[in-house]
Amino acid sequence: MQQIRKAVPEAKAEGFAGDMAATAATECLLKLFPHVDILVNNLGIFEPKPFDKIPDQDWRHIFEVNVLSGVRLSRAYVSGMKQRNWGRIIFISSESAIFTPKEMIHYGMTKTAQLAVSRGLAEYCGGTGVTVNSILPGPTHSTGVEHFVAQLGGDRSFEAFEKEFFKSVRASSLLKRFETPDEVARLVTFVCSPVASAVNGAALRVDGGVVSSCF
């Protein structure tokens, strides 16, 4: 929130601190913001871990955070959007929804689940001014990725890790580097705008060309 206010001093920004993986936090948020026209479900966690080392608890937790948080918020706001005959719901999925990473299979599962929820919800809102879409970014230089690099990169610099990562792990990338959050946000901004009224029920890729097959 401080970063937003610093970058855009004239912006009117209100924050809320809470664990959106918990039902109670969602209820508190709804009391603070009862009506929303644009909902971007961007909450997500990930952790590299071998498949045979991922316990049931980790599978449940990542599903609660990555999937059910968006389900709860969408469920809370969609009726009002339909009544007003206008709204935007976006799920920030990932190229991992299609290209499941072997080092984070539980994460990939949640991203695929978001595609199913998004498409089904778009069908539910059919014939109204409410659109529901998924955005599929590729590997993005976020704070979480910096921790990811620190965990897997050893003593290598970020630049050295990035070069090796796109050579051996995401070799299909056409961008050959981590995207910036702004590069993803531009597509999100378009889909949220009135001019994107015919973009609905779609899984829109801004993945830097990681996924080579059509989807």
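What you are looking at is a predicted structure, and each value in this text was computed from that prediction instead of being measured.
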Using a strict 4.0 Å threshold on nitrogen-to-oxygen distance, state whether K176 and E162 make a salt bridge. no
F51/K102 under side-chain contact (heavy atoms from CB on, under 4.5 Å): CA gap, chis, key distance, verdict: CA-CA 8 Å; F51 176 76; K102 64 181 180 181; over 6 Å; no
Working note: W86 + V130, criterion side-chain contact (heavy atoms from CB on, under 4.5 Å); need CA distance, chi angles, decisive distance, verdict. CA-CA 5 Å; W86 199 93; V130 181; 5.9 Å; no
For K167, what residues pass the side-chain contact (heavy atoms from CB on, under 4.5 Å) criterion, not counting sequence neighbours? E164
Sequence neighbours excluded, the answer for side-chain contact (heavy atoms from CB on, under 4.5 Å) partners of D52 is P50
Contact list for residues 177-204, test ring-ring contact (aromatic ring centres under 6.0 Å, His included), sequence neighbours left out: F158-F178, F165-F178, F166-F178
Can you name the residues that form a salt bridge (charged side-chain N to carboxylate O under 4.0 Å, His left out) with R72, not counting sequence neighbours? E64
Indicate yes or no for a side-chain donor-acceptor contact from S94 to the backbone of A97 under 3.5 Å, with no hydrogens or angles considered. no
Kindly determine whether R177 and E159 satisfy salt bridge (Lys or Arg N to Asp or Glu O under 4.0 Å), including the steps that lead there. CA-CA 9 Å; R177 62 167 173 82; E159 291 74 17; over 6 Å; no
Measuring from C192:SG to I90:CD1, what's the distance to the nearest 0.5 Å? 3.5 Å
With sequence neighbours left out, what residues match R186 under side-chain hydrogen bond (donor to acceptor under 3.5 Å, both in side chains)? none
Any salt bridge (Lys or Arg N to Asp or Glu O under 4.0 Å) involving residues 119-135? Give me the pairs, sequence neighbours left out, ordered by first then second residue. R119-E123
So do L29 and L73 actually touch side chain to side chain, heavy atoms under 4.5 Å? yes
So, using side-chain hydrogen bond (donor to acceptor under 3.5 Å, both in side chains) as the criterion, who are the partners of S93 when residues are at least two apart? none
Tell me, please, which residues at least two apart from E146 pass side-chain hydrogen bond (donor to acceptor under 3.5 Å, both in side chains). H141
Mind listing the closest non-hydrogen atom pair of T131 and S197 along with its distance? CG2-O, 3.8 Å
Taking side-chain contact (heavy atoms from CB on, under 4.5 Å) as the definition, give me every residue that meets it alongside L30, ordered by chain and number, with sequence neighbours left out. T26, A76, Y77
Looking at D37 and R88, is any side-chain nitrogen of the basic one under 4.0 Å from a carboxylate oxygen of the acidic one? no
Nearest 0.5 Å please: distance from the CD1 atom of I89 over to the CD1 atom of I38. 11.0 Å
With hydrophobic residues grouped by side-chain heavy-atom distances under 4.5 Å, do V199 and L115 end up in a single group? no
Just by modelled atom types, is the G129 backbone N or O under 3.5 Å from a matching donor or acceptor in the N85 side chain? yes
Co-membership, hydrophobic cluster, residues V8 and V40, 4.5 Å side-chain: no
Pairs in or reaching into residues 9-29: which pass ring-ring contact (aromatic ring centres under 6.0 Å, His included), with residues at least two apart or in two chains? none
Below 4.5 Å, heavy atoms only, C-beta onward: do E47 and D58 meet side chain to side chain? yes
Pairwise side-chain contact, C125 with K82, heavy-atom cut-off 4.5 Å (strictly under): yes
Between atom CD1 of I62 and atom CE of M104, what is the distance when rounded to the nearest 0.5 Å? 8.0 Å
In short, side-chain hydrogen bond (donor to acceptor under 3.5 Å, both in side chains) pairs touching residues 104-117 with sequence neighbours left out are N66-T110, K111-Q114
Please find the pair of heavy atoms, one from N41 and one from G70, that lie closest to each other, and give the distance. OD1-CA, 3.3 Å
Heavy atoms of G208 and S173 approach each other most closely as O-OG, 3.7 Å
Sub-4.5 Å side-chain heavy-atom contact between V210 and P139: yes
Under-4.0 Å salt bridge between R170 and E103: yes
Can you name the side-chain hydrogen bond (donor to acceptor under 3.5 Å, both in side chains) partners of D19, sequence neighbours left out? none
Of all the heavy-atom pairs spanning P55 and K49, show the shortest one and how long it is. CD-NZ, 4.5 Å
Inspect the surroundings of CZ in F33 and state if more than 12 heavy atoms from other residues, nucleotides or ligands are less than 6.0 Å away. yes
Rounded to the nearest 0.5 Å, how far apart are OG of S172 and CZ of F99? 5.0 Å
Hydrophobic clustering (ILVMFWY, side-chain heavy atoms < 4.5 Å, transitive) - are I45 and V71 grouped together? yes
Could you see if V65 belongs to whatever hydrophobic cluster contains F91? Use Ile, Leu, Val, Met, Phe, Trp, Tyr and a side-chain cutoff under 4.5 Å. yes
From S74 atom OG to L68 atom CG, the distance as rounded to the nearest 0.5 Å: 11.0 Å
Check whether R205 reaches the backbone of E95 with its side chain - one donor and one acceptor, N or O, closer than 3.5 Å. no
With a 4.5 Å cut-off on side-chain heavy-atom distances among I, L, V, M, F, W and Y, is there a chain of contacts connecting L175 to V169? no
Rounded to the nearest 0.5 Å, how far does CZ of R84 lie from OG1 of T128? 11.5 Å
Could you tell me which non-hydrogen atom of I135 sits nearest to which non-hydrogen atom of V188, and how far apart they are? CG1-CG2, 4.1 Å
Which atom of N133 lies closest to which atom of S118, heavy atoms considered: C-OG, 3.2 Å
Does some side-chain heavy atom of L204 sit less than 4.5 Å from a side-chain heavy atom of L136? no
